[in-house]
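Have a look at the structure below, then the notes.
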Amino acid sequence: MTTPADRSPHPRHALAPLLSSAVRLSIVAALAPVEKAEFAYVRDLVEITDSALSKQVARLEEAGWVTVEKGRVGRLPRTWLLLTGEGLAGYRRHVAALTAIAGPPH
């Protein structure tokens with residue numbers, strides 16, 4: 001018989017509290033497979049307002065998970081979002097924990 005001390009910790013302990021927000025999880029998931037993404041692209045993909053995206057990006061930036069780059073394309077100002085190495089690692093741990101909790105799809 002195994003005792004609690006013999007078992008590995010429950011996978012929920014690997015979940016990132018920062019990603020408990022479905023919007024932040026969606027933003028990070030959108031950024032994970034790309035080098036960087038334009039603000040408007042992420043806004044439209046996640047289906048939120050500019051204001052809501054700005055607020056969530058600020059939270060992710062404070063945590064060191066996202067970097068914001070500003071520049072121009074021609075005369076038009078642009079903002080790009082980049083997932084940091086720390087952000088990508090945290091996202092991957094979070095997804096692995098969710099998979100461990102839920103198990104494989106049936």
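Predicted model only: the values in this text are computed from it and were never measured.
In this structure K36 satisfies the salt bridge (Lys or Arg N to Asp or Glu O under 4.0 Å) test together with E69, sequence neighbours excluded. Every residue two or more places apart in sequence or in another chain that forms a salt bridge (Lys or Arg N to Asp or Glu O under 4.0 Å) with D50 is listed here: R43. A search for salt bridge (Lys or Arg N to Asp or Glu O under 4.0 Å) contacts involving R24 returns nothing, not counting sequence neighbours. T79 is linked by a side chain to side chain donor-acceptor pair (under 3.5 Å) to K70, counting only residues two or more places apart in sequence or in another chain.
Residues in residues 74-84 take part in these salt bridge (Lys or Arg N to Asp or Glu O under 4.0 Å) pairs, two or more places apart or across chains: E38-R78.
If you take NZ on K55 and OG on S21, they are separated by 9.5 Å, rounding to the nearest 0.5 Å. The CG atom of L82 sits 10.5 Å away from the CD atom of E61 when rounded to the nearest 0.5 Å. Atoms OG1 and NE2, from T99 and H94 in turn, are 10.0 Å apart once rounded to the nearest 0.5 Å.
Counting side-chain heavy-atom gaps under 4.5 Å among Ile, Leu, Val, Met, Phe, Trp and Tyr, the cluster of L18 also holds L19, V23, L25, I27, V28, L31, F39, Y41, V42, L45, V46, I48, L53, V57, L60, W65, V66, V68, L81, L83, L88, Y91, V95.
The two residues A97 and P11 come nearest to each other via the heavy atoms CB-O, 3.4 Å.
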Next item on the list: Determine, stepwise, if the pair I101 / H10 fulfils side chain to side chain contact (heavy atoms under 4.5 Å, CB included).
Entry: CA-CA 8 Å; I101 292 167; H10 191 277; 3.8 Å; yes
